[in-house]
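Working notes, beginning with the structure itself.
In what follows, chains carry the letters A, B, and so on, assigned in the order in which the sequence lines appear, proteins first and then strands, with residues in each chain numbered from 1. Only a predicted model underlies this, so the values are computations on that prediction, with no experimental measurement involved. Note that these values count all heavy atoms, side chains included, but never hydrogens, waters or copies made by symmetry.
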Number of protein chains: 2
Amino acid sequence: MVTIYDVARHAGVSAATVSRVLNGHTQVDPTLAERVTSSVAELGYRRNAVARNLRRSRTTLWAVIISDVENPFFTAMVRGVEDIALTAGYSVVLCNSDENPEKESNYIAAALTEQMAGVIISPSSNRVDDVKLLQDAGCPVVVIDRELQGSPTDTVLVDNEHGAELATTHLVEQGYRRIACIGGPRWLSTATSRYEGYRRALTAAGLPLDPALLRFADFRERGGYEAMASLLDDGAEPDALFAANNLMTVGAMECLVQRDRAVPADIAVVGFDSIPWADLIRPTLTTVAQPAYEVGRQAGQLLTRRLAKPDADVTRIVLPTQLQVRASSLRLS
Amino acid sequence: MVTIYDVARHAGVSAATVSRVLNGHTQVDPTLAERVTSSVAELGYRRNAVARNLRRSRTTLWAVIISDVENPFFTAMVRGVEDIALTAGYSVVLCNSDENPEKESNYIAAALTEQMAGVIISPSSNRVDDVKLLQDAGCPVVVIDRELQGSPTDTVLVDNEHGAELATTHLVEQGYRRIACIGGPRWLSTATSRYEGYRRALTAAGLPLDPALLRFADFRERGGYEAMASLLDDGAEPDALFAANNLMTVGAMECLVQRDRAVPADIAVVGFDSIPWADLIRPTLTTVAQPAYEVGRQAGQLLTRRLAKPDADVTRIVLPTQLQVRASSLRLS
DNA sequence: TTGTATGCGTTATCAT
DNA sequence: ATGATAACGCATACAA
């Protein structure tokens with residue numbers, strides 16, 4: 001490996017001067033600078049980031065810990081984070097916790113030992129301990145998508161409750177009365193908020209909250225499938241469905257297809273969070289769209305701000321959702 | 001920050017002993033070890049990976065540079081890599097080059113300066129320079145999905161040509177005669193191989209290779225859409241389509257939907273690489289399935305092997321593809 | 001088995 | 001403006 005000393009020797013200057021040229025903070029004689037840069041090129045020198053980070057006791061890496069890489073919502077969000085990170089001079093390390101609190105803990109520990117500059121996380125549990133660990137260690141954290149109780153933290157969310165309420169009200173207005181709900185894990189704020197929105201809409205419409213129409217699954221495709229199957233098997237006879245995330249909506253739809261239930265003729269469907277290629281699915285799906293990319297961007301900006309001003313006030317950003325009505329929820333006349 | 005020296009003082013031993021207990025390579029008196037571990041717990045000590053990496057002059061990070069995070073093929077592949085990495089004691093840093101050679105170069109430079117243990121890359125160009133840079137620096141590289149000319153490198157591919165040939169032959173057997181092809185960027189081996197498979201199948205069937213039926217796009221949804229639009233607008237009158245990747249297939253389908261062309265009645269469709277929720281799309285899509293997760297696993301294993309034996313022979317793995325016939329390609333009687 | 005001492009490659013402090 | 005030198009936190013060669 002070619003070090004800064006090799007360059008210094010080759011250029012006939014001291015290592016300090018090489019460092020100064022490379023970092024460009026202080027003034028250095030143009031003649032020497034020229035000699036240094038050409039030596040760097042000639043020797044093919046590349047700075048050792050590990051040594052640099054040790055000396056400066058900080059890195060230029062952000063850890064982004066998401067709960068499911070195969071969920072398009074999170075990948076879009078990551079792109080948002082990435083774009084901000086790059087312009088701010090940071091690189092993004094993507095970690096997939098797979099909705100597994102243990103994996104999540106490992107990644108958080110890694111972020112700490114690797115001296116990451118900051119962490120953006122969509123928590124897969126409501127255990128505040130892990131995030132607190134980061135904060136106690138002085139590592140800036142931004143929580144996204146899911147709210148965390150306990151210690152106040154910079155957070156970027158979407159208006160889950162309102163979105164779910166819009167979706168459910170839409171079904172009510174279409175004339176549906178037995179509206180089932182496939183909710184998410186009870187320990188996730190996204191799940192409880194969306195369920196709460198569903199509940200509020202029913203109440204506002206004067207409809208009962210029938211436990212036979214409720215299922216709670218795991219935000220995954222299979223979970224949605226099984227919840228739908230259970231709704232059908234148990235004779236709950238729903239005439240509509242609100243599913244609390246994109247993957248569960250897909251699972252539920254697959255179940256309906258397999259059992260020859262027509263959508264929306266036999267049962268109407270609205271899903272929370274959009275699905276790629278929604279236009280190719282038949283019927284086209286009514287969804288509550290979330291600004292995934294923008295969530296990522298805002299989180300990135302929050303982290304940049306926090307890095308610049310560690311003592312700034314804690315910010316909580318709530319972005320709006322939007323109901324996109326398509327075929328799956330329309331009452332056939 | 002609490003260092004190894006703080007622990008040593010607290011436990012009444014030397015820093016070297018603490019290090020030995022932490023790494024567990026050498027034997028150390030159980031009494032002392034006990035004192036050390038409890039001191040570690042009591043002080044909340046976490047090892048500084050940056051310092052450790054500098055001292056050992058290696059890290060436990062793999063850089064996985066993929067060309068599109070929003071393509072389900074690559075995310076599935078990443079999961080395969082991840083699973084191998086974790087069991088081998090490495091963490092994965094996911095980098096999204098976005099099919100942009102410049103971004104790719106930056107990530108490669110970063111992998112080098114960050115002293116990554118190894119790199120797995122799906123190149124977004126056929127510039128062999130970047131990969132050569134890594135190899136010259138002694139950084140183990142595994143190339144995936146796309147073949148690279150020039151310096152021999154561990155590689156994991158799928159049988160693109162055969163898959164494309166199967167797909168096209170299937171269309172021929174269904175009785176289609178004017179089979180269009182939307183190919184990918186000419187500088188990517190996946191694109192040229194799949195085109196070659198298409199060509200071979202036509203030749204074998206005694207069909208002409210009509211330039212009016214050929215388009216080349218960028219492996220993205222919009223590219224597929226526009227290529228399809230151009231095929232329709234230019235009056236090429238195809239009765240079937242072979243699209244060379246999943247996103248372009250989606251784009252082409254969207255174009256057909258928008259223009260009220262029935263699939264497969266007006267035009268049959270086969271796509272290369274599968275699409276999530278293919279069962280919800282109407283008509284269901286005939287695709288050439290790739291073992292994405294397995295590609296990732298194999299790449300991970302190749303990298304592990306290379307790290308253990310830097311001088312081992314270069315390996316090239318080609319995994320099989322599989323034609324999955326669904327509704328979009330069937331001849332209506 | 002344990003401790004002492006050194007160096008990994010860089011940046012920053014202090015003289016000059 | 002430039003150079004000598006120390007220090008970041010750790011792992012290891014060597015001495016005891």
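Distance, B/M1 CE to D/dC10 C1': 11 Å, rounded to whole Å. For B/L54 and D/dT12, the CG to C1' distance is 14 Å, given to the nearest whole Å. Distance, B/R56 CZ to D/dG9 P: 19 Å, rounded to whole Å. Computed from coordinates, the A/N53 CG to D/dC10 P distance equals 15 Å when rounded to whole Å. Rounded to an integer number of Å, the gap from CD of B/Q115 to C1' of D/dC10 is 16 Å. Remark: C1' of C/dC8 and CZ of B/R58 are 13 Å apart, rounded to the nearest angstrom. The distance from atom NE2 of B/H25 to atom P of D/dT12 is 6 Å, rounded to the nearest whole Å. Atom pair B/I4:CD1 and D/dA11:C1' shows a separation of 8 Å (rounding to whole Å applied).
In this structure, B/V119 and B/I65 have side chains that are in contact, with non-hydrogen atoms separated by less than 4.5 Å. The shortest distance between side-chain heavy atoms of B/D68 and B/F219 does not fall below 4.5 Å.
Applying the 4.0 Å criterion to OP1 and OP2 of D/dG9, one finds that B/T3 has every side-chain N and O outside that range. The side chain of B/R52 contributes no N or O atom lying less than 4.0 Å from OP1 or OP2 of C/dC8.
Each end of the helix from C/dT1-D/dA16 to C/dT16-D/dA1 gets its own rotation axis from five pairs of C1' atoms, and the angle between them is 40° to the nearest 10 degrees.
Under the 4.0 Å criterion applied to side-chain N and carboxylate O atoms, A/R9 and A/D6 are assigned as salt-bridge partners.
Between B/I84 and B/R297, the shortest heavy-atom distance links the atoms CG1-O, 3.5 Å.
Looking at heavy-atom distances under 4.0 Å, A/N23 makes contact with sugar-phosphate atoms alone, never a base.
Atom OG of residue B/S39 and atom CD1 of residue B/I4 lie 12.0 Å apart, to the nearest 0.5 angstrom.
Pairs engaging residues 97-112 of chain B under the salt bridge (charged side-chain N to carboxylate O under 4.0 Å, His left out) rule: A/R79-B/D98, B/D98-B/K103, B/E99-B/R146 [sequence neighbours left out].
For the pairing with B/F74, the side chain to side chain contact (heavy atoms under 4.5 Å, CB included) check across B/L94, B/V69, B/D145, B/V64 returns one residue only, B/D145.
A/T59 and A/N53 form no side-chain donor-acceptor contact under 3.5 Å, judged by distance and modelled atom types alone. B/T153 and B/Q135 are linked by a side-chain donor-acceptor pair at a separation below 3.5 angstrom, with hydrogens and angles left out of the test.
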Distances under 3.5 Å only, N/O to N/O: pair up the protein atoms with those of nucleotides 3-6 of chain C.
from  : atom 1 : to    : atom 2 : distance (Å)
C/dG3 : OP2    : B/S14 : N      : 3.1
C/dG3 : OP2    : B/S14 : OG     : 3.1
C/dG3 : OP2    : B/T17 : OG1    : 2.4
C/dG3 : N7     : B/R20 : NH2    : 2.5
C/dG3 : O6     : B/R20 : NH1    : 3.4

